[in-house]
J.: 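First the structure, which I've put down as structure tokens, then a few questions once you've had a look.
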Protein chains: 2
Amino acid sequence: MITNFSEAKAILATRSIKPTYQRLRILEAVSDTRDHPTIKALYDKLIRTVPTLSKTTLYSTLELFAAKGLVTRLSIDAGEARYDGFPAPHHHFHCERCGAILDLDIACATGRRGEVQGHAIKEVHGYFKGICKDCLSRDHHKIPRRSSHV
Amino acid sequence: MITNFSEAKAILATRSIKPTYQRLRILEAVSDTRDHPTIKALYDKLIRTVPTLSKTTLYSTLELFAAKGLVTRLSIDAGEARYDGFPAPHHHFHCERCGAILDLDIACATGRRGEVQGHAIKEVHGYFKGICKDCLSRDHHKIPRRSSHV
DNA sequence: ATGACTGCAAAATATTTGCATATTC
DNA sequence: GAATATGCAAATATTTTGCAGTCAT
């Protein structure tokens with residue numbers, strides 16, 4: 001988690017990315033949360049304090065960060081990208097009911113790199129889908145319905 | 001791979017899905033390939049022999065199949081869903097250069113079900129990103145460029 | 001002055017929805 | 001015949017592109 005501009009500048013420097021104001025603020029915003037925000041969520045959050053920010057800049061900046069390995073672009077729901085600013089490799093859980101994306105602390109293949117079946121591996125993505133802990137506990141008070149014939 | 005209508009009908013019957021003509025043809029098309037087609041690819045392929053097919057039907061049918069476990073919806077590129085009609089659990093490799101999505105034959109967690117860290121798991125998705133075997137061999141004749149300062 | 005970054009608007013692409021018609025059992 | 005599926009068109013959502021203006025070196 002990035003707490004100030006000089007830290008953010010240092011991080012950008014490690015990837016040879018020019019530290020513009022927008023980039024610093026975007027890096028700060030995506031690193032400041034573990035909820036894997038969408039473009040829309042980041043925009044809504046940043047526009048309050050960066051009033052001129054355009055979505056074009058958000059898209060291009062996050063693409064740049066992803067290419068440089070500063071953030072990870074998650075494709076869990078098709079149709080809407082989410083970004084993960086937490087640096088350590090980890091897997092994800094997607095709750096089908098409430099839509100949350102949670103970090104999982106399991107080791108399977110997260111760090112695997114190099115070569116697999118002849119292909120050069122740069123990134124490993126793993127995610128699990130189902131019903132999250134919180135939604136499960138809410139279910140304890142409900143009677144499940146039978147699925148209808150389609 | 002599904003080779004005829006009675007086989008497709010039998011498969012739909014196992015999930016209590018009414019066997020309409022469109023559903024049979026869509027199941028056949030998505031099961032007949034290992035290249036993880038997009039909606040667009042399926043539409044372009046099917047429209048030749050099912051001239052009245054609408055994309056609405058394709059979307060709703062594939063969503064139905066995915067909910068019933070007949071196909072898997074892949075979210076590897078955000079922005080465009082792909083569908084996998086191959087029934088056995090397996091992971092995927094996505095080539096950043098040519099865009100291909102290939103099946104991988106590795107066992108890691110593919111069959112894992114049940115409970116992880118309190119959440120109920122229904123599906124496990126894993127994919128690797130990098131440069132595929134074919135693109136790597138094409139690279140043997142090229143001189144790599146230095147990346148520019150951004 | 002040059003090259004790179006930003007932001008607005010428009011375009012392109014992907015997905016969902018409303019509703020009338022057609023089909024299945 | 002009742003319930004469901006289909007398909008067209010329109011609406012919505014997401015992402016990309018073109019280009020003019022701005023900023024940094």
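Throughout, protein chains are lettered first and strands after them, A, B, ... in sequence-line order, and every chain is numbered starting at 1.
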J.: Among the candidates C/dT6, C/dA14, C/dT15, find the nucleotide nearest to the side-chain atoms of A/Thr57.
T.: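 Closest of the options to the side chain of A/Thr57: C/dT6.
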J.: Can you tell me how far P of D/dT6 sits from CZ of B/Arg25, to the nearest Å?
T.: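 Roughly 14 Å, once rounded to whole Å.
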J.: Using the side chain to side chain contact (heavy atoms under 4.5 Å, CB included) rule, pick out the option among A/Leu102, A/Thr72, A/Ile76, A/Leu104 that qualifies with A/His92.
T.: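 It is A/Ile76; the other options fail the test.
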J.: Would you say D/dT15 has OP1 or OP2 under 4.0 Å from some side-chain N or O of A/Tyr59?
T.: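 For D/dT15, OP1/OP2 do have a side-chain N/O of A/Tyr59 under 4.0 Å.
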J.: How many whole angstroms separate atom CZ of B/Arg73 from atom P of C/dA14?
T.: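 Going from B/Arg73 (CZ) to C/dA14 (P), I get 13 Å.
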J.: Counting only non-hydrogen atoms, which of residues 44-56 of chain A are less than 4.0 Å from DNA chain D?
T.: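 By residue number: A/Thr56.
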J.: Using whole Å, what does the distance between atom P of nucleotide D/dT6 and atom OH of B/Tyr43 come to?
T.: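 Checked: the OH to P distance equals 14 Å.
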J.: Run through A/Arg73, A/His90, A/Arg34 and flag the one making a side chain to side chain donor-acceptor pair (under 3.5 Å) with A/Asp84.
T.: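 Looking at A/Arg73, A/His90, A/Arg34, the match for A/Asp84 under the side chain to side chain donor-acceptor pair (under 3.5 Å) is A/His90.
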J.: Which letters describe nucleotides 20-25 of chain D, given B = protein heavy atom under 4.0 Å from base, S = only from sugar-phosphate, - = neither?
T.: ------
J.: Take the protein atom CD of B/Glu80 and the nucleotide atom P of C/dA14, then report the distance between them rounded to whole Å.
T.: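 That distance rounds to 4 Å.
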J.: Tell me whether A/Glu63 at atom CD has more than 12 heavy atoms from other residues, nucleotides or ligands lying less than 6.0 Å away.
T.: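 At most 12 heavy atoms, drawn from other residues, nucleotides or ligands, come within 6.0 Å of this atom.
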J.: Quick one: do B/Leu46 and B/Ile17 end up in the same hydrophobic cluster if we chain Ile, Leu, Val, Met, Phe, Trp and Tyr together by side-chain heavy atoms under 4.5 Å apart?
T.: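 As far as the 4.5 Å side-chain criterion goes, B/Ile17 and B/Leu46 are connected within one cluster.
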J.: Find the distance B/Lys40:NZ to C/dT15:P and express it as a whole number of Å.
T.: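 Taking atom P of C/dT15 as the reference, NZ of B/Lys40 is at 12 Å.
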J.: Quick test of your reading of the model: are A/Asp44 and A/Lys40 salt-bridged, counting only N-O distances below 4.0 Å?
T.: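 Counted as a salt bridge, because a side-chain N and a carboxylate O are separated by less than 4.0 Å.
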J.: Would you kindly confirm whether B/Leu42 and B/Leu12 end up in one hydrophobic cluster when ILVMFWY residues are joined by side chain heavy atoms under 4.5 Å apart?
T.: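 Yes, it is one cluster - the side chains of B/Leu42 and B/Leu12 are joined through contacts under 4.5 Å.
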J.: Where along nucleotides 19-25 of chain C does protein come under 4.0 Å, by heavy atom, of base (B) or sugar-phosphate alone (S), with - for untouched nucleotides?
T.: ------S
J.: Whether the A/Asp103 and A/His36 side chains hold a donor-acceptor pair (N or O, under 3.5 Å, no angle test) is what I'd like checked.
T.: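 Per modelled atom types, A/Asp103 and A/His36 side chains form a pair under 3.5 Å.
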J.: Does NZ in A/Lys129 sit with more than 12 non-hydrogen atoms of other residues, nucleotides or ligands closer than 6.0 Å?
T.: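 Enclosed.
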J.: Give the rounded distance in Å between these two atoms: CD of A/Glu63 and C1' of C/dT6.
T.: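 After rounding, the gap between these two atoms is 15 Å.
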J.: Do B/Val71 and B/Tyr59 belong to the same hydrophobic cluster, where Ile, Leu, Val, Met, Phe, Trp and Tyr are linked whenever their side-chain heavy atoms lie under 4.5 Å apart, directly or via other members?
T.: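 Yes; B/Tyr59 is reachable from B/Val71 via cluster members.
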J.: For A/Leu62 and D/dT14, what is the distance between atoms CG and P respectively, to the nearest whole Å?
T.: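 A/Leu62 atom CG is separated from D/dT14 atom P by 15 Å.
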J.: Following the transitive rule for hydrophobic clusters with a side-chain heavy-atom cut-off under 4.5 Å over Ile, Leu, Val, Met, Phe, Trp and Tyr, establish whether A/Leu53 and A/Tyr83 coincide in one cluster.
T.: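 Yes, A/Leu53 and A/Tyr83 fall within the same hydrophobic cluster.
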J.: Rounded to the Å, how far apart are B/Leu58 CG and C/dT15 P?
T.: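 That distance rounds to 11 Å.
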J.: Please determine, by modelled atom types, if A/Glu123 and A/His125 share a side-chain donor-acceptor pair under 3.5 angstrom.
T.: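 Yes - a donor-acceptor pair under 3.5 Å links their side chains.
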